[in-house]
Amino acid sequence: MSEQLESWPYREARHVDEHLKRAESGDAKSDDDPVLFQTGFGPSGLPHIGTFSEVARTNWVRRAFSTVSDRPTKLIAFSDDMDGLRKVPENIPNGDMIAEHLGKPLCDIPDPFGEEDSFSGYMNAQLRSFLDSFGFDYNFVSSKDMYRGGEFNDGLLRILECYDEVRQVIIKTLRNPNRDEWSPFFPVCENCGKVNNTRVTDVHPKDGAVSYVCDQSFRGAEACGHSGTVPVTDGHVKVGWKVDWALRWYVLGVDYEMYGKDLIESAELSTEIVRALGGEPPAGMFYEMFLDENGAKISKSKGTGLSIDDWLQYGPLESLAWFIFKKPKKAKKLFFEVIPRSTDQYLEALHDYGVATESEQELDNPVYFIKDEEIDAGEEVTYESNISYSMILNLVSVLNTDDRDMVWDYLRRYDDRVDADKDVIDDLVDRALRYYREFVFPTKEYKLPDEEVMPGVEQLREFLDQYDGDDPEEIQTATYRAGKDNDIKLGKWFRSMYRMLLGQDRGPRLGTFIHLYGVEETLNLINERLAEKSAGNAD
RNA sequence: GGGCCGUUAGCUCAGUCUGGUAGAGCAGCAGACUUUUAAUCUGCGGGUCGGAGGUUCGAAUCCUCCACGGCUCACCA
């Protein structure tokens, strides 16, 4: 396996390789099984940027692995839809109805949106269409299917066999009052259907069963008091969080899984548990959380940070992918200003990718991961011009326009290779115009020229009125003369013109601008503004 | 309290894995584009690399301790 490739997905891929050697020495896996990458989701809420990041990053490790190995791979998106609901999410309808089902597995709660067969059914559908919309290749697996379909049975019985060892792993992390009672098993109450309210009172390893009582009420969810004995298999019982994770690793034979840094300790405990069961934990890494502009954790309810939709309004998907690719172990601030920067860095990398001469330069370029589909399809992936997104944003603002053709005219003057990158740049112009309309335009402050400047305005107006040529330089000269002839300080003269026409102190070279905007149109614009001025005077 | 991350130019951050003359963008200043402004381009200024020790011929980089800031965990999956 190549040691030359330095970017983090290859390092992770090497960890997968080391993991496989360990797992195979314990004959837990054979050469022919696909190497399994897993990402997990709690379907108690809607997919978000963290969901996207985790799948994207895992997929990049998978790609790196496939680049340096011939073994087949598979990505599992695992949904924890057997988890109980602890509290009603704020951003869903019919909260009162959902509140009645607190404590039950998500797959046994009605869909608050009334579209799918259950709460988690709705969230799972959202997750899948979300992942599909980005073109991810994955196999969807649900906790409910695994438990109730009997797929987890062997693992569950194994946990029962290793009951004390598994308990010891968790118990050492618990405070004393809870130690004695704790059990990895949480039966689904046969009477009320809740899973968060039950407590194991006895285990019956020979029968593969546990006894329980439903007496653990919590805020909003009353326990019914029922007691009974159920088999641990076939979905009558689920296991608690860290054990659940270990169970998945053990039964599915997961080879790689990453997780947020809030789960570092969970991962360590799950590692101990899966070893206690006789399995080999997957290779993996933790990644950092996203922060908002002030360095606080992003919060959907407070509206801090950026959502994926926000980002995609003003930056292409590739720029978001770039942001997520870079330094997964660093807590990064997610706010508007990073969009142009990420986009520009991505464009530079795209340019480098296009001119790379050695294969390793290509393989180590984030573009190799971000544009995986296009590259694998044999499409040309490159960016020839040196137009940056920052420049387009600036240009659109300076031109004070939402006319894309005019922006293109200016871009062509700057770099005649722009048409080679037409699709990419056109998309950027689109987003820049949207940004301009929504953020820049509302802040425009038009000011009418004061009396000192008026003679110049009159002279320019007369010139434009009689002008029937088509030469930007002639117009430029006339504009210049209009100020000069009337003894207006030129700095003030041009500033006044920009203030009147564009609502800002600075602007493009006026001859060029008037030529592109249109002599007639400019004249009309001046007349409109002057009409406002005389109307203002009449008040 | 445990774990982890960060501290580098006015601002946002690269550079730390693998030690070898401190970097980029923005902001500031100056200049170029036949004359104005802007785009754009060129140049300039600007940092005790959080602090203190240590290793080394040589430390932003490796080791130890400390300070400050932040995230996260402590029986929720």
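Within every chain, numbering begins at 1; the chains are lettered A, B, ... in the order of the sequence lines, protein sequences first and strands thereafter.
- Separation of the P atoms belonging to B:C5 and B:U40 is 39 Å when rounded to the nearest angstrom.
- When the P atom is compared between B:G31 and B:A39, the two are found 15 Å apart, to the nearest whole Å.
- In this entry the distance linking CD of A:E288 with C1' of B:C13 reads 16 Å, nearest Å.
- Toward the 5′ end of RNA chain B lies the nearest nucleotide of A:T477, the other residue of the pair A:D83 and A:T477 mapping further downstream.
- Between B:U72, B:A77, B:A39, one nucleotide has an atom nearer to the side chain of A:K261 than all others, and that is B:U72.
- Using a 4.0 Å heavy-atom distance criterion, A:M391 is classed as a sugar-phosphate-only contact.
- Within the structure, a side-chain polar atom (N or O) of A:K333 is placed less than 4.0 Å from OP1 or OP2 of B:C13.
- Comparing B:U72 with B:C26, their C1' atoms sit 32 Å apart, to the nearest whole Å.
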Problem - Strand RNA chain B in bracket notation, Watson-Crick/G-U under 3.5 Å with | for pairs to another chain - result: ((((((((.[[[[.)....(..]]]].(((((.......))))).....[[[[[..)....]]]]])))))))....
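- At whole-Å resolution of the value, CD in A:Q345 and C1' in B:C13 are 9 Å apart.
- What separates CD1 of A:I392 from C1' of B:U40 is a distance of 14 Å, to the nearest Å.
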Practice task
Run the numbers on A:E288 and A:K332 for salt bridge (Lys or Arg N to Asp or Glu O under 4.0 Å), then give the verdict.
Solution key: CA-CA 8 Å; A:E288 263 285 1; A:K332 291 202 289 279; over 6 Å; no
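- Regarding A:N197, its CG atom lies at a distance of 18 Å from the P atom of B:C75, rounded to whole Å.
- A:D80 comes within 4.0 angstrom of no nucleic acid atom, judged by non-hydrogen atoms across all strands.
- Comparing the same atom, P, in B:A24 and in B:C41 gives a spacing of 15 Å after rounding to whole Å.
- Taking the charged nitrogens against the carboxylate oxygens, A:E12 and A:R57 have no contact shorter than 4.0 Å, which rules out a salt bridge.
- Nucleotides B:G2 and B:U16 place their P atoms 30 Å apart, quoted to the nearest Å.
- Spacing of P atoms, B:A22 relative to B:G51, comes out at 16 Å, to the nearest Å.
- Distances from the side chain of A:K330 to the nucleotides B:A39, B:C13, B:U35 place B:C13 closest.
- Comparing the C1' positions of B:G58 and B:C11 gives a spacing of 33 Å, expressed to the nearest Å.
- The residue A:K326 sits apart from the nucleic acid: no heavy atom pair falls under 4.0 Å.
- Checking side-chain atoms of A:N486 against main-chain N and O of A:A482 turns up a donor-acceptor pair under 3.5 Å.
- Which of B:U35, B:A14, B:C71 sits closest to the side chain of A:Y480 comes down to B:U35.
- When rounded to the nearest whole Å, the span between CG of A:D262 and C1' of B:C4 equals 11 Å.
- Proximity of a side-chain donor or acceptor of A:T51 to a complementary backbone N or O of A:H48 within less than 3.5 Å is detected.
- Within a 6.0 Å sphere centred on CZ of A:R481, other residues, nucleotides and ligands contribute 12 heavy atoms or fewer.
- For A:K329 and A:F286, the positive end sits near the middle of the six-membered ring, less than 6.0 Å away and at most 45° from its axis.
- Between the side chain of A:R11 and the base of B:C17, at least one donor-acceptor pair of N or O atoms lies under 3.5 Å.
- Side-chain contact, A:D111 with A:S118: no donor N or O sits under 3.5 Å from an acceptor N or O.
- Distance from the side chain of A:W182 is smallest to B:C75 among B:U36, B:C76, B:C75.
- Residue A:C189 is tested with A:V230, A:D215, A:V213, A:T198 for a side chain to side chain contact (heavy atoms under 4.5 Å, CB included); the sole match is A:T198.
- Across the protein-nucleic acid pair, A:E12 atom CD and B:C17 atom C1' stand 13 Å apart, rounded to whole Å.
- Between A:Y410 and A:G240, it is A:Y410 whose nearest contact on RNA chain B lies nearer the 5' terminus.
- Summarising the geometry, the separation between CD1 on A:I264 and P on B:A74 is reported as 13 Å, rounded to the nearest angstrom.
- One atom, CG of A:L291, and another, C1' of B:C4, lie 13 Å apart when rounded to the nearest Å.
- Separation of the C1' atoms belonging to B:G20 and B:A60 is 13 Å when rounded to the nearest angstrom.
- A:W8 places a side-chain N or O within 3.5 Å of a backbone atom of A:F325 that can act as its donor or acceptor partner.
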